[in-house]
Amino acid sequence: MPINATQLRTLVVKPVLAALGLPASDVAENLIMGTAAHESHLGDYIEQVGGGPALGIFQMEPATLHDCYQNFLDYRSDLKAKVDGFLAPQPAQADGTPDKDAQLATNLAYATALCRIRYYRAPAAMPTDPNDVNGLAAYWKQYYNTPLGAGTVEQFVADYNRYLGS
């Protein structure tokens, strides 16, 4: 059973976007909600079907998480501190530090922050119309799923409309 879209938007996505202090917009909000709708059907899946490495409602791979840190957040200490502020003390690694990989699946706020960072790093500006689902889908395909990914614009649009309304 999926997460209630209104509650996810109101209680997680909007507060996380506000706390990050990045350009908060209806476009970013709808893009993140659409990503959750398509990638996990709003939480029906928190582990990639078929045994792949992707985790959480945004189906982010741990390698992508590590790339966000190594090639972006590690050079932006203020933003990194905001993202890390969403980490929960558990699950933890053997050294007691938070297990960031596991928190993609267990921590909605942290996973949302990483999803936003993934899009923030994209070289092209986000679409300008928050209600242009085809534009959001094309942006997701290019910068989240990537041109080599299995997802399609048509699938994103269908899932967006199914789980978030048209």
Side-chain angles (χ1 to χ4, degrees), residues 1-70 72-74 76 78-93 96-122 126 130 133 136-137 139-140 143-146 149 151 155-156 158-165:
M1 177 172 260
I3 297 168
N4 178 279
T6 301
Q7 291 181 12
L8 178 63
R9 183 184 298 269
T10 304
L11 299 174
V12 180
V13 174
K14 284 184 179 203
V16 167
L17 293 179
L20 289 176
L22 298 175
S25 68
D26 294 338
V27 173
E29 187 179 309
N30 285 348
L31 187 57
I32 289 168
M33 289 296 297
T35 301
H38 175 68
E39 294 288 345
S40 70
H41 298 167
L42 287 183
D44 271 352
Y45 306 100
I46 58 171
E47 184 175 54
Q48 187 172 351
V49 175
L55 297 168
I57 66 169
F58 303 106
Q59 292 291 286
M60 182 175 280
E61 294 183 4
T64 301
L65 175 147
H66 296 291
D67 180 68
C68 285
Y69 275 89
Q70 293 166 357
F72 188 75
L73 290 171
D74 285 348
R76 292 158 181 84
D78 290 347
L79 185 55
K80 180 180 178 179
K82 289 176 184 179
V83 171
D84 286 351
F86 291 109
L87 285 166
Q90 296 295 328
Q93 301 176 103
T97 60
D99 183 345
K100 292 175 181 173
D101 293 3
Q103 289 201 34
L104 288 174
T106 64
N107 184 332
L108 288 175
Y110 182 70
T112 300
L114 261 295
C115 182
R116 179 64 180 105
I117 294 301
R118 169 76 184 218
Y119 283 122
Y120 187 65
R121 294 179 63 198
M126 288 189 293
V133 179
L136 296 174
Y139 196 83
W140 161 83
Y143 298 110
Y144 198 90
N145 183 257
T146 75
Q155 291 168 333
F156 182 101
D159 289 335
Y160 189 101
N161 290 332
R162 177 179 178 193
Y163 293 100
L164 303 175

Rounded to the nearest 0.5 Å, what separation is found between the OH atom of Y69 and the CD1 atom of I117?
-> 8.5 Å
Working to the nearest 0.5 Å, report the span between CG of D44 and CE of M1.
-> 9.0 Å
Would V16 and R116 count as a side-chain contact (heavy atoms from CB on, under 4.5 Å) if you check the C-alpha gap in whole Å, the side-chain angles of each, and the deciding distance to 0.1 Å?
-> CA-CA 9 Å; V16 167; R116 179 64 180 105; 5.9 Å; no
Please answer whether the main-chain N or O of P130 pairs with a side-chain N or O of N30 as donor and acceptor at a distance below 3.5 Å.
-> yes
Please assess L55 against E47 for the test side-chain contact (heavy atoms from CB on, under 4.5 Å), listing each intermediate value before the final yes or no.
-> CA-CA 5 Å; L55 297 168; E47 184 175 54; 4.3 Å; yes
Residue list, ring pair (Phe, Tyr, Trp, His ring centres under 6.0 Å) with H41, at least two apart or on another chain | Y45, Y163
Please check if atom NZ in K14 has more than 12 non-hydrogen atoms from other residues, nucleotides or ligands closer than 6.0 Å.
-> no
4.5 Å side-chain heavy-atom contact, D67 and R121 | yes
Assess whether side-chain contact (heavy atoms from CB on, under 4.5 Å) is satisfied between D101 and H66, documenting all intermediate values.
-> CA-CA 9 Å; D101 293 3; H66 296 291; 2.8 Å; yes
Of the non-hydrogen atoms in I3 and G43, which two are nearest, and what is the gap between them?
-> CD1-CA, 4.3 Å
L42: which of L164, I57, N4 passes side-chain contact (heavy atoms from CB on, under 4.5 Å) | L164
Measuring from R76:CZ to Y120:OH, what's the distance to the nearest 0.5 Å?
-> 7.5 Å
Least distance between heavy atoms, G56 atom then S40 atom | O-CB, 4.1 Å
Under 3.5 Å, is there a donor-acceptor pair between the side chain of E29 and the main chain of R9?
-> no
Intermediate values then yes/no, side-chain contact (heavy atoms from CB on, under 4.5 Å), Q103 and F86 | CA-CA 10 Å; Q103 289 201 34; F86 291 109; over 6 Å; no
More than 12 foreign heavy atoms under 6.0 Å from CD1 of I46: is that the case here?
-> no
Residue pair A88 / N107: nearest heavy atoms and the distance that separates them = N-ND2, 3.5 Å
Report the distance from atom CH2 of W140 to atom CZ of R118, rounding to the nearest 0.5 Å.
-> 11.0 Å
Note, F156 side chain near L136 side chain (heavy atom, < 4.5 Å) = yes
Atom pair CG/CE of L31 and M126 - distance to nearest 0.5 Å | 6.5 Å
Under the side chain to side chain contact (heavy atoms under 4.5 Å, CB included) test, which residues partner A111, sequence neighbours left out?
-> F58
Does the gap between the ring centers of Y143 and Y119 come in under 6.0 Å?
-> no
Starting at CG of L8, measure out to CG of L108 and round the result to the nearest 0.5 Å.
-> 6.5 Å
Between the side chains of E39 and T35, is a donor N or O closer than 3.5 angstrom to an acceptor N or O?
-> no
Between side-chain atoms of residues 17-28 and protein atoms elsewhere (two or more places apart, or another chain), which donor-acceptor pairs fall under 3.5 Å?
| from | atom 1 | to | atom 2 | distance (Å) |
| --- | --- | --- | --- | --- |
| S25 | OG | V27 | N | 3.3 |
| S25 | OG | A28 | N | 3.0 |

